Amino acid sequence: MLTNLLDRLDAHERARLLAIGQPHALADGEEIARQATVGDCLFVVEEGELAIVRRVPGNEEERLEVAPAGTLVGELAVLDRRPRSASLRAMGPARVRAIEVRAFESLTLDAGSVGHRVLRAVALSLQDRLEVARAAVASRFESAATTTWPCDPRGIAPSWSAETPMPIRLPHGLAAFALLRPAELAHVASELECAALPAGAQFAFPLEPGDRCVTLLLRGAVSPCLVSGAGDAVVLPVVAPGSFVDPTAALDTPGAPMFWRARSAAVLARLPARHFRDETPTGARLLYALCRDLATAVRSTTALAMHLGMAWDGARARVGGTTLARLQD
Amino acid sequence: MCRVLAYLGQPVRLDDLFFAPDNSLIRQTYAPQHLRLLNLAGFGFAAWDPHSADAHTPFVYHTAGVPVFDANLKSLAGKVRATSVLAHVRGVAYTDGAPVGPRFLHPFLYAGMSVTLAHNGELVRFNEMRPRLERELAPAVSRLVTTNLDSEWIYALFLSQLADPGADHSGTELADALVATLRILARIRQECGIEQDSGVNLFVANRHAIVAARYVFDFGCRGAGAHEHAGPNQLEYLSLWYSVGREYTCHEGEWKMVGGRRGASAVLLASEPLTRDESTWLEVPDYSLVSFDVGGSRPRIESRFLE
């Protein structure tokens with residue numbers, strides 16, 4: 001279920017957000033965004049409900065969610081600049097506020113504390129959606145397939161150092177820092193600590209709040225993993241270099257009960273979470289980059305859940321340690 | 001970088017697969033949607049038509065030219081209706097050292113073999129791997145290798161994992177052999193100290209089964225050097241998409257799989273969707289393999305996650 005974005009904002013913040021949008025009244029069944037098209041605006045549902053529907057293989061349509069009043073929709077395409085992952089359709093008369101991407105960027109990146117709080121609310125909404133998508137993957141994993149390796153969520157703790165394991169330059173093009181100005185990038189780079197992990201290493205982050213850091217991936221690949229009810233590893237879409245690994249520290253939320261596995265020899269970097277806060281020059285820009293990563297993760301994790309929900313259901317079997325799912329004969 | 005297409009299901013005219021969609025495989029030669037490189041190093045396909053003479057053997061066609069200009073291909077595609085298809089457009093680096101020509105075209109199919117293979121990706125430092133790979137090949141297969149191309153050697157290694165590569169194999173058997181192939185490649189890379197990312201999206205097909213793996217060795221590990229750049233931007237895992245349904249047809253002006261996914265009896269697999277509207281396509285998960293087999297009493301579909 002989608003969380004209410006407006007409930008996370010005070011009256012002034014709500015007013016600022018809605019003020020940059022255009023109101024639209026929708027009739028029952030009217031579509032305001034179509035799957036696979038370019039998304040140049042996001043929407044806040046003010047009255048009524050929108051159905052989030054998706055066309056799936058076989059040319060069927062599936063309703064993924066219902067977005068009630070107060071929720072934010074259509075933001076994935078705006079943030080990760082990929083085609084819309086679903087269509088938005090009114091369920092009965094409805095009213096939305098359409099916020100064009102440039103107005104959204106201007107508010108969240110350049111409007112000080114208010115913009116930062118709006119952006120943080122968006123990030124928290126995305127994190128909630130990601131957790132819902134992960135739960136869907138986990139539940140479908142139970143009936144579909146599991147991974148090959150034994151699950152040991154204790155793993156190893158990365159060993160952090162101010163020295164990078166190998167000379168790595170951080171060009172402006174690194175996705176996590178793409179919005180930073182050169183001076184900001186230099187400052188952030190000076191505070192990074194790095195850790196190298198061999199391929200196959202499993203690691204986790206502290207769950208308790210405290211002086212936590214935000215981790216990103218500089219090199220290699222890591223897969224986030226949940227633990228299924230049967231004790232197997234539920235593997236989620238891979239994290240690529242330039243992406244954030246664990247965003248919870250930046251949002252001051254508890255860590256998720258999960259672990260990561262290095263699919264390649266990896267180099268992690270971590271940055272104190274204060275760099276994402278309003279009082280720092282980098283706060284809004286890093287938080288926006290984090291939102292982009294969260295949008296990508298929501299998209300890919302939802303797609304994985306849909307893949308597992310295809311006609312793979314059936315009896316499990318093991319072949320050489322690999323669990324497969326088959327259609328029932 | 002190459003583009004690949006595989007189909008399994010009810011008979012389909014090859015023209016409807018290769019030319020008709022708005023992001024057709026032939027169009028991906030010069031205007032791919034998910035790639036910035038052109039694929040100008042040739043085209044090939046293998047297609048099984050159950051109503052043809054010697055139906056156990058596929059039509060096979062290769063051309064080192066650019067397929068969009070190939071009138072013979074267009075004519076042939078308009079006549080052949082196939083139930084299993086594997087097609088490939090080849091992309092290589094724009095250098096005079098790139099191996100191009102008829103012998104390097106996918107999909108590979110040795111005489112007397114029943115299964116064909118196409119590869120999207122590249123095994124970095126393959127020349128260092130080759131001597132160790134040669135030891136893994138079955139003698140009868142080793143004699144058939146004609147080039148030093150990584151893709152052909154992957155095919156030979158795959159065939160060597162089958163007890164009888166000339167026999168008819170189920171989708172599960174093909175999948176097991178593909179997994180074994182990837183494991184051997186991983187081990188040899190480790191023995192050679194190769195840690196640079198190498199894409200191995202592999203497609204194998206026979207007359208009633210298709211298996212495709214979406215896999216990158218050491219994803220995210222760019223070439224080592226004195227100064228390794230951490231960017232630019234986010235890397236993308238080698239893409240592989242699929243769609244299922246009961247029928248592949250032109251519906252509301254678009255070529256797509258229709259008829260629902262429950263009880264699906266046809267599948268399309270491709271490096272990128274055949275239509276600009278990607279709504280009815282899903283990505284094969286990274287580090288995984290999918291297998292489709294219509295050889296039994298009902299279609300069997302498997303999804304397998306790999307280490």
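Each chain gets a letter, A, B and so on, in the order the sequences are listed, and its residues count up from 1. Quantities reported herein were computed from a predicted structural model and do not represent experimental measurements.
Contacts with chain A were tallied for Lys256(B), Arg246(B), Glu283(B); Lys256(B) has the most, counting heavy-atom pairs under 4.5 Å. Chosen from Gly260(B), Ser243(B), Ala266(B), the residue pairing most often with chain A at heavy-atom distances under 4.5 Å is Gly260(B).
Listed by chain and residue number, nothing satisfies the side chain to side chain donor-acceptor pair (under 3.5 Å) test with His187(A) (two or more places apart in sequence, or in another chain). Checked against side chain to side chain contact (heavy atoms under 4.5 Å, CB included), Asp218(B) has the following partners two or more places apart in sequence or in another chain: Ser264(A), Arg189(B), Cys221(B). Remark: Asp40(A) pairs with no residue by the side chain to side chain contact (heavy atoms under 4.5 Å, CB included) rule, at least two apart or across chains.
Figure legend: Arg263(A) and Phe219(B) shown without cation-pi pairing, the cationic atom not lying both under 6.0 angstrom from the six-membered ring centre and within 45 degrees of its axis.
Annotation for Arg63(A): atom CZ does not count as buried by contact number, only 12 or fewer foreign heavy atoms lying within 6.0 Å. Residue-environment remark: CZ (Arg34(A)) stays at or below the threshold of 12 foreign heavy atoms within 6.0 Å. Counting non-hydrogen atoms of other residues, nucleotides and ligands closer than 6.0 Å to CD of Gln190(B) gives a total of 12 or fewer.
Contacts between Glu62(A) and chain B at a heavy-atom distance below 4.5 Å involve the side chain alone, from C-beta outward. Neither the backbone nor the side chain of Pro83(A) has a heavy atom closer than 4.5 Å to any heavy atom of chain B. For Arg82(A), the part sitting under 4.5 Å from any heavy atom of chain B is the side chain, from C-beta outward, and nothing else. Arg54(A) touches chain B through its side chain: at least one heavy atom from C-beta onward sits under 4.5 Å away, while N, CA, C and O do not.
Among residues 274-281 of chain B, the residues having any heavy atom closer than 4.5 Å to a heavy atom of chain A are, in sequence order, Asp277(B), Glu278(B), Ser279(B), Thr280(B), Trp281(B).
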Query raised in the report: What's the verdict on salt bridge (charged side-chain N to carboxylate O under 4.0 Å, His left out) for Arg219(A) and Glu195(B), showing C-alpha distance, side-chain angles and the deciding distance?
Result: CA-CA 12 Å; Arg219(A) 185 178 187 269; Glu195(B) 291 185 332; 5.2 Å; no
Report task. Start with the C-alpha gap between His307(A) and Val290(B), add the side-chain angles, then the distance that decides, and say whether side chain to side chain contact (heavy atoms under 4.5 Å, CB included) holds. Result -> CA-CA 11 Å; His307(A) 169 76; Val290(B) 290; 4.0 Å; yes
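Inter-residue side-chain proximity for Val235(A) and Tyr287(B) is flagged as unmet; no heavy-atom pair is nearer than 4.5 Å. Contact annotation: the side chain of Met257(B) never approaches that of Asn59(A) to less than 4.5 Å [non-hydrogen atoms, C-beta and beyond].
In terms of heavy-atom proximity, Met310(A) sits nearest to Arg261(B) at SD-CD, 3.7 Å.
Atom CZ in Phe305(B) sits 5.5 Å away from atom CG in Leu304(A) (nearest 0.5 Å). Note that OG of Ser223(A) and CG of Asp286(B) are 6.0 Å apart. Values are rounded to the nearest 0.5 Å.
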